[in-house]
Amino acid sequence: MAFPQLTGQMIAFMLISLVVIGSAVAMLFTRRVIYMALMIGGVFIGVAGIYVLLNADFIGMAQVLIYAGAITILMLFAIMLTHHGHQEQTPVNGHTIFSVVAAGGLLGLLYWGFNTVDWAKWQSMSPKTDAPEWGTSSVKAVANSIYTQYTIPFELVSVILIVALVGAVILARKEEN
Amino acid sequence: MFEWLNQPFTPMTVLGMVIGGVIVLSVILLVVAYSIYAQRKILAAMHLRIGPNRVGPFGLFQSFADILKLLLKEDIVPAKADKAMFLIGPMITYVPSFMVLAVIPYTATHLFTAELNVGVLYYIALSSISVIGVVLGAWASNNKYSIIGGLRSAAQLISYEIPLALSILGVILMAGSMNIVEIVEAQKNMWFIVPQIIGFSVFIIAAMAELSRVPFDLPEAESELVAGYSTEYSGFRFAFYMLAEYVYITAMGGLAAALYLGGWEGPLLPGWAWYGIKAGLFIFLTFWLQGTFPRIRNTLLMTFSWKVLIPISILNIILTAIIKIAVA
Amino acid sequence: MAELRTEEMLLNVGPQHPSTHGVLRVVIKLDGEIIREATPVIGYLHRGTEKLSEDLQYQQIIPYFDRLDYISAMLNNHAIVNAVEKAMDIEIPERAEYLRVIVGELNRTAAHLLFVGAYLLDLGAMSPFLYVFMTRERIIELLNEISGARLTYNYMRVGGVKYDAPPGWFAKIREFIPYFKEMYQLFDDLITGNEIFISRVKGIGSYGQEEAINYGLSGIPLRSTGFKWDLRKNKSYSVYDRFDFEIPVGTNGDNYDRYYLHLLEMEQSMRIVEQAIDSIPEGPVMGKAPKILRIPAGEYYAAVEGAKGELGVYIVSDGKDKPYRMKIRRPSFVNLQIIPSLLKDQNIADFIAILGSIDIVLGEVDA
Amino acid sequence: MTEESKETTVKPSAETAVNTETQPKEEQPDPKKEAAQKVLDRIRGLIVQELGDHVLEDALLMKHQPTFVVKRDHWLQTVQLLRHHDALGFDYPEAMAGTDYPANGYIEVILYVYSMNHNELIAVKTRTPRDNAELQSLSYVYQGLNWEEREIYDLVGVKFTGHPDLRRIMMPEDYEGHPLRKDFSVWKE
């Protein structure tokens, strides 16, 4: 297995991966909900960093803005406005067993996936086109795909989001009388 | 972008990064220290007072004395506070405030600053993270004034982020780019403050709210909430919150100068000087308002953002788009 | 529509809080940012002035009155000396009456100036505070010159006043009046029309005339409802009936009216001062009063218009040189009672705006 | 907003009160005193007419101040009449005070009420025994007396029955004794 050259990108990737995995693991093991929310924020930011490393800086920033900024705050609000003590240790039940099986399966799948790749030739697998039609700007790339090729799915997604929003409002309101 | 990222990691590149970081940080800290000094002097002049005049000539070293004092103070953590959160809160607010400075182009050569394709988005995204620190610090303090201040902060900052971003969208439409350097270059012929005057007005108001400056200083409204989210903080953790606030003022000044006032463009003087003057104007405006206005009612605050600023900024975007198509 | 149930929060405002004007404590039950119940807790500055007075001769009580409403000590002086003089039927020289009116109205102006500054500070505007202090400083200097003290004057005596005006004092007042008018215009221009200020005070914290009377309010909190009630006119004492001045009244009884009445009253006070220094007679400033004052046995009540409202003194005498019982009707204390009903169901942002507009001084509330 | 207020004609104002007992004998009748006497007679007549002869213990002029001494049991009833009767209309509570008379064995509570319509100030007072001092609360008649009664309760030690919130107001909640009583001493035996 050829070890890639130690560029800034590689170092950054390792550090970011460490942040993502570390936050995720820490989230699983903390007891207080508010720490979990904070750790999830860490995961979001780390993932954004990986997007940026992949030259998808628009997506990366959107990730920070929406997930790390807005959604984490929303979770914090929800947690602060309700009372939460330490979470009780849940006893082993069918749910737990199912989770273990699912997680184990995922691990196996990932292991298999990694092993089937010939890492010596990893650079040839993602050929870089020299000049994409939109230039170097990922903003234009995103805009191009959303507003030309994927217009209808994009609009559909926004409709679904609105439906979800309205549904949430209706559910949150107590039933009258 | 990120040219140095793909270079091999050698001692020279590391040294370059470190030196660049140190220079940018010290320049910013100097600017922040003197904007605090300027605030006190300007406010004093408006109040017919003298202002700081003891430390150094004309009190020029007052800010450093203050910072030193805050750093040397005892680090007090309230007994009933959530200790870890209490300690982390100021950092979460503080770190993004310095990170946003990376995209502010001080000069035409933008030495040591990043030329990001998504510069504007980067600024908005990172500054939204600071709220988390405020909310966490407020919650961790276990103090009712803090919680009210923290919740107010969060509500205010999130509500005003939208008109801020929408008003900037007009500029992005005009320039056809999110890259701040390109936006500045697009203003060679005409500063965007002229065609984007509606957007600029919304921007200034939303920026004042984002920075929690008078008349939108509700999160730390001292006459109601004592000191808002920072009530329980003292020493250098308090200094972190304060520094973050003033760094954001500087950064917002830089952003305003780049987006609306033509950045480093200007005759005779070098680019950085023009940039400084323009950003300084914005910073002065914040202090001027502080000396002039009372605090707005917090019920009006939300209504103002959602019912006035956001519709206006959306209107501005539509107008800009129409004009741009008509011209082209 | 069914509302979301939220948890009520108990917030303890004060006694150490930047805008409770001293050591007032208000326990607030909050539902979100809405006040459901507000309970003032007072007594942190209680010094037992009434009890102390029982062991003091009447002239010795005057300094204690300085410390009630310590920002308008001249008017407090007037309250006690007026009560004792009325009880004993002591006539005082004309010049002393005029001097009392002049220093009283100057002090009223100073107290109202302080209100304007402190109120704006409560609302988050810092600059007016320093401007009013600059103006107030001139008045304090004038009062200092005649009485020898800047805040607790101890200037009036039963039978007159302690000192005559020093040479050139009236000229200094004449110099001050145009300056005051200029500053007055400045406050009016800069503050009264400010959109943000209006939005915080107009229509907020209003109550009706009937309610105000039932609560026994006096002074500006009562006049702001449109009820013309000023002891200087309605139960004229001293020489107030000789001056031409008006009693400004409000219409809505809201924060704005209370703020604006303070401004208008300052103008009227200056009118009185102007007339008084023009017509002040020559003569002694201390009349014939016995060295040791003995009020004939009985009960007496007399009041003057203090800076905050009706400042009354009720004296029970058993014929000795000390009061058997002294009760001070403190306007701040009475006016503060309306706070719980005013604050109910208000936003917490308006809490300070309403509390500030009632204009209390804790030294007087707690006595 | 700024008109001249109407000058009032009949003004038995408090400051001009003169004590009757120690007043030197005057040859010519004092006009103020006569006016006050007229007010006193009128109001006494109304009270007696509405509530009967037994509610009033005494009605006298204290200097120029019409003063009514009401029997303790009829305290609330009388004040309510003063407040609500059209011909009386004493709607403004000016001051209230309690005084301890250990020699006579009672505590006296005095209330000054003013009628905004008739421009009359009268004093009503009542007496309650020092031990177990108790009085009906007037705080529902005049909201402004809420704190005054709390103060009297706190400092003089009169219990007001029916008061909505009778707590100490100046002294701490756990304080013992009532400072304005004449036998009060800060030195605990």
Side-chain angles (χ1 to χ4, degrees), chain A residues 4-14 26 30 32-35 37-42 44-45 48-49 51-81 84 128 134-143, chain B residues 1-10 13-14 16-17 82 84-85 88-89 92 95-96 99 103 114-140 146-148 150-151 153-155 157-158 161-162 165 172 176-179 182:
Chain A
Q5 199 186 10
L6 195 68
T7 57
Q9 188 152 18
M10 198 64 205
I11 293 170
F13 174 74
M14 285 173 178
T30 46
R32 303 196 69 165
V33 193
I34 201 147
Y35 287 83
L38 191 64
M39 289 305 155
I40 279 203
F44 289 150
I45 290 175
Y51 284 140
V52 171
L53 278 187
L54 293 172
N55 273 356
D57 41 10
F58 181 81
I59 309 278
M61 286 310 132
Q63 166 91 6
V64 173
L65 182 65
I66 295 165
Y67 283 91
I71 291 190
T72 311
I73 279 284
L74 210 65
M75 287 194 287
L76 288 179
F77 254 78
I79 294 164
M80 281 165 69
L81 291 176
H84 283 271
K128 271 192 179 165
W134 48 78
T136 54
S137 167
S138 68
V139 184
K140 282 177 183 155
V142 171
Chain B
M1 61 166 239
F2 292 133
E3 284 315 317
W4 51 267
L5 260 185
N6 294 317
Q7 285 165 12
F9 226 49
T10 61
T13 50
V14 172
M17 287 179 207
D82 185 322
M85 284 292 168
I88 295 171
I92 297 179
V95 170
M99 284 174 74
V103 290
E115 188 187 342
L116 273 188
N117 275 327
V118 286
V120 180
L121 193 64
Y122 172 87
Y123 184 99
I124 295 171
L126 278 183
S127 65
S128 75
I129 292 183
S130 279
V131 191
I132 298 179
V134 168
V135 173
L136 280 181
W139 177 83
S146 295
I147 290 220
I148 296 178
L151 290 180
S153 266
L157 298 190
I158 289 171
E161 221 160 63
I162 298 164
I172 294 171
S177 171
M178 278 193 178
N179 186 330
E182 280 173 27

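Proteins get letters first, then strands, A, B, ... in listed order; numbering begins at 1 in each. Fair warning: this is a prediction, and the values are worked out from it, not measured in the lab.
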Q) Can you say whether B/Ala138 sits under 4.5 Å from chain A via the side chain, the backbone, both, or neither, judging by heavy atoms? A) neither
(Q) What part of A/Ile66 gets within 4.5 angstrom of chain B, counting heavy atoms only: side chain, backbone, both, or neither? (A) neither
Q. Taking side chain as C-beta onward, heavy atoms only, is B/Leu157 less than 4.5 Å from A/Ile73?
A. no
Q. So which part of B/Ile132 gets closer than 4.5 Å to some heavy atom of chain A, the side chain, the backbone, both or neither?
A. both
Q) Do you know the tightest heavy-atom contact between B/Ser128 and A/Gly69? A) OG-CA, 3.6 Å
Q.
Tell me which of these, A/Val64, A/Leu38, A/Leu65, has more heavy-atom pairs under 4.5 Å with chain B than the rest.
A. A/Leu65
Q: Start with the C-alpha gap between B/Trp139 and A/Ile34, add the side-chain angles, then the distance that decides, and say whether side chain to side chain contact (heavy atoms under 4.5 Å, CB included) holds.
A: CA-CA 10 Å; B/Trp139 177 83; A/Ile34 201 147; 3.4 Å; yes
Q) Which distance, rounded to the nearest 0.5 Å, do you find between the CD1 of B/Ile92 and the OG1 of A/Thr72? A) 10.0 Å
Q. Among all residues two or more places apart in sequence or in another chain, which pass the ring-ring contact (aromatic ring centres under 6.0 Å, His included) test with A/Tyr67?
A. A/Phe44
